[in-house]
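Note that the coordinates shown come from a computational prediction; the quantities given were computed from them, not determined experimentally. The figures that follow rest on heavy atoms only: side chains count, while hydrogens, waters and symmetry mates do not.
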Amino acid sequence: MKGSRFRKLFLAGRDLPLGRDASSRFLVWIIGFMVILGSLSLASAMLLSDVGQGWRDELAGKLTVQIMPEADGEDAATTLDLRVRMAEQFLVGRPGIARVETLADSRIAMLLEPWLGPQSREDALPMPKLIDVQLEPGSGIDIPDLTRRLAELIPGSAIDDHGVWLTRLLTLTGAVETTALSILGLILLAATATVVFTTRAGLAIHDKEIELLHLVGAEDHYIAHQFQAHALTLSFKGGIAGSLVAAVALTALGFIGQGSAIGMIPPITLSVSQWLVLALLPLATSLIATLTARLTVMRSLARMS
Amino acid sequence: MDRKKDVVRFQNVGMRYGLGPEVFHDMSFGVKAGSFRFLVGPSGAGKSTLLKLMYLAHRPSRGLIHMFGHDTATVARKDMPAMRRRIGVVFQDFRLIDHLSALDNVALPLRVAGANEEQLSDHVAELLRWVGLENEIHSLPSRLSGGQQQRVAIARAVIGRPDLLLADEPTGNVDNTIAMRILYLLEELNKIGTTVIIATHNEALISRFKFPQLRIEDGRVIDTGAETGAPASRTTNEAAGRGS
Ligand SMILES: Nc1ncnc2c1ncn2[C@@H]1O[C@H](COP(=O)(O)OP(=O)(O)OP(=O)(O)O)[C@@H](O)[C@H]1O
Ligand SMILES: [Mg+2]
């Protein structure tokens, strides 16, 4: 009993020597490479989506109030401090505002250092003051109105809600993400086409045997089964190998990314669910290959005679 | 009502390959269920072609062919496998699958019909013993002599107990002793109900077994068993077999 079921499931239909065709080895490699490329595209898409989400989370509900220093004067610094305090007073306790924090000069200097270079304290350029404002979640605060009223009170003040910047970045990451997913789609399409061609080649190579199978009463699906089992085996082998290579590459990239502390770029690490999505790719590819082989055979045989 | 019992019935059948000359024109005859016929005619007369039409490998250029009472022109593609399973064929060129053992080649008709694997291999091995290949059960066709391959082909044709057995020169590559044995096997098969048609040049067999003949002459068929309307048994057909 067991023996026969086993044969039916895994060995059934070895009447056609498909494994001996040169296209067999070729298909394993092609599928392997495609799954590597596909995994990398998919991983980039998922990582980019994370990056976008990270920026959105971080910047959503945040405002930066900027107070520009007035023209030089003896008491420029004092005036600036005074205006900052006025702005703080204006902001603190306003409905919808959760927290107000003026950044220390040293922090601002650090932020500007990449652009201005290290400055000595004496000949320092007059630097603006920055106030971080944290809004309450879902505050729905009217930012243009707030900006106008603050500017009336304190000339030379400005509010940046990072909206423009964030929108541009998200557009960019979104576009790259779409590109990565399109590449994945194209890769799957190419894999499908490859299976169609190798299956057709197999049908042509084995036309004598197929004719014989028909003559002894085989139905089309009996023949299709052999091709689909073959495609499943090959694409599964290639897919698993490709997936492993991609996993190693992604892990290595993750390690390299950890070493270099680039502020804006988050670490290249995937969550468990993202690894699972990647693990589905070879399975999906095998499924596509199997169905493609079946459809190709059924269609070709139906067209014959 | 006679027609209903015809396993094979040709009506005004014409056949040509591509644009070539007509191999047959206007061929009409019937073969009754349970009969045994030698199909004879000079080389190139169209014996293999006639069998190809019967085992549904070719369509006629014109005319009607009924197999088991069904008009082959109107049989749906999906019903073809079932009809073909009722027909066992020994091809002139054997058509064994090179990479399958004798056992697997013979098992093929059962496997495509979804037969149970355990029962299958005993059954197949037994039949291979019957045709004298008990030592070659696991051999590949390339390791077998022409005569041994032919016996594998015969075993494959009869394994499914077909209603109709078509054999194209089934004794072409074997010595007379084995040829006789094969004929006896086919005769046994005929006795349990299989209609048998054997294309052959083998005069020794024809004169020894004296079954009626389907004789192809000038693209037409003459059935030496038809006049008497007699059943298949060779004793009753002895006279008819020699006649005409
Ligand atoms: N595939 C084919 N394409 C074109 N012509 C063919 C084909 N097969 C057979 N013929 C032609 O049809 C005619 C009948 O051939 P067929 O093979 O049926 O003869 P046969 O009686 O079986 O001969 P033999 O006794 O030599 O086997 C011949 O003239 C042959 O040339
Ligand atoms: Mg012939």
Side-chain angles (χ1 to χ4, degrees), chain A residues 1-25 201-230 233-234 293-305, chain B residues 51-52 54-59 72-73 75-91 93-101 103-122 140-141 153 155-160 162-164 166 168:
Chain A
M1 272 294 172
K2 253 182 263 160
S4 105
R5 204 163 294 159
F6 180 80
R7 207 200 124 95
K8 267 207 176 121
L9 272 177
F10 297 101
L11 300 172
R14 52 190 180 91
D15 306 333
L16 300 174
L18 296 172
R20 294 181 190 178
D21 301 351
S23 57
S24 289
R25 240 169 308 141
L203 283 168
I205 293 168
H206 301 292
D207 64 337
K208 287 266 180 295
E209 286 98 337
I210 288 168
E211 190 195 0
L212 179 79
L213 286 176
H214 271 146
L215 288 177
V216 299
E219 287 172 34
D220 289 349
H221 67 73
Y222 180 90
I223 294 160
H225 184 82
Q226 312 209 356
F227 280 91
Q228 97 200 33
H230 184 60
T233 315
L234 296 184
R294 181 181 181 83
L295 282 178
T296 308
V297 174
M298 292 302 277
R299 280 184 162 197
S300 307
L301 292 183
R303 227 176 287 141
M304 280 165 43
S305 83
Chain B
L51 293 179
K52 278 180 203 165
M54 291 183 199
Y55 60 75
L56 311 170
H58 272 294
R59 289 180 181 282
T72 55
V75 172
R77 194 185 141 71
K78 68 171 172 50
D79 297 327
M80 286 290 233
M83 189 176 272
R84 281 174 167 148
R85 283 176 202 168
R86 300 180 67 181
I87 307 172
V89 186
V90 184
F91 302 95
D93 52 356
F94 317 146
R95 300 211 203 168
L96 301 178
I97 293 187
D98 298 332
H99 75 285
L100 294 183
S101 67
L103 183 112
D104 284 331
N105 265 291
V106 175
L108 214 52
L110 300 181
R111 256 181 207 141
V112 303
N116 185 322
E117 283 292 324
E118 302 103 73
Q119 291 169 1
L120 182 149
S121 70
D122 288 347
L140 294 178
R156 183 181 64 193
V158 302
I159 189 83
D163 294 328
L164 173 64
L166 304 173
D168 202 347

Inset, instruction - Examine whether an atom of A/L215 lies under 4.5 Å from a heavy atom of chain B, and if so say whether it belongs to the side chain, the backbone or both; otherwise answer neither. - result: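 For A/L215, heavy atoms of backbone and side chain both lie under 4.5 Å from chain B.
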Legend entry - By side chain to side chain donor-acceptor pair (under 3.5 Å) - contacts of A/E209 (at least two apart):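 With neighbours one apart ignored, the set is empty.
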Inset, instruction - Examine whether an atom of B/A57 lies under 4.5 Å from a heavy atom of chain A, and if so say whether it belongs to the side chain, the backbone or both; otherwise answer neither. - result: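 Contact with chain A involves both backbone and side-chain atoms of B/A57.
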Legend entry - Contact class of B/R86 relative to chain A, heavy atoms under 4.5 angstrom: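 When you check distances to chain A, no heavy atom of B/R86 falls under 4.5 Å.
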Legend entry - Contacts of type ring-ring contact (aromatic ring centres under 6.0 Å, His included), residue A/F227, not counting sequence neighbours: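 Partners of A/F227 under the ring-ring contact (aromatic ring centres under 6.0 Å, His included) test: none.
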Inset, instruction - Look at B/R156, B/H99, B/K78 and state which one has the largest set of heavy-atom pairs under 4.5 Å with chain A. - result: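 If we count pairs closer than 4.5 Å to chain A, B/H99 comes out on top.
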Legend entry - Top of B/V89, B/L56, B/L100, B/D98 for chain A proximity - count of heavy-atom pairs under 4.5 angstrom: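 Top option by heavy-atom pairs under 4.5 Å: B/L100.
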Legend entry - N-O pairing of B/D104 and B/R111 below 4.0 Å: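 Salt bridge: yes.
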Legend entry - NZ/NE/NH1/NH2 to OD/OE distance under 4.0 Å, A/E219 and B/R84: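 No.
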Inset, instruction - Determine whether B/R95 and A/E211 make a side-chain contact, defined as any pair of heavy atoms from C-beta on separated by less than 4.5 Å. - result: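 Side chain of B/R95 against side chain of A/E211, heavy atoms only: contact under 4.5 Å found.
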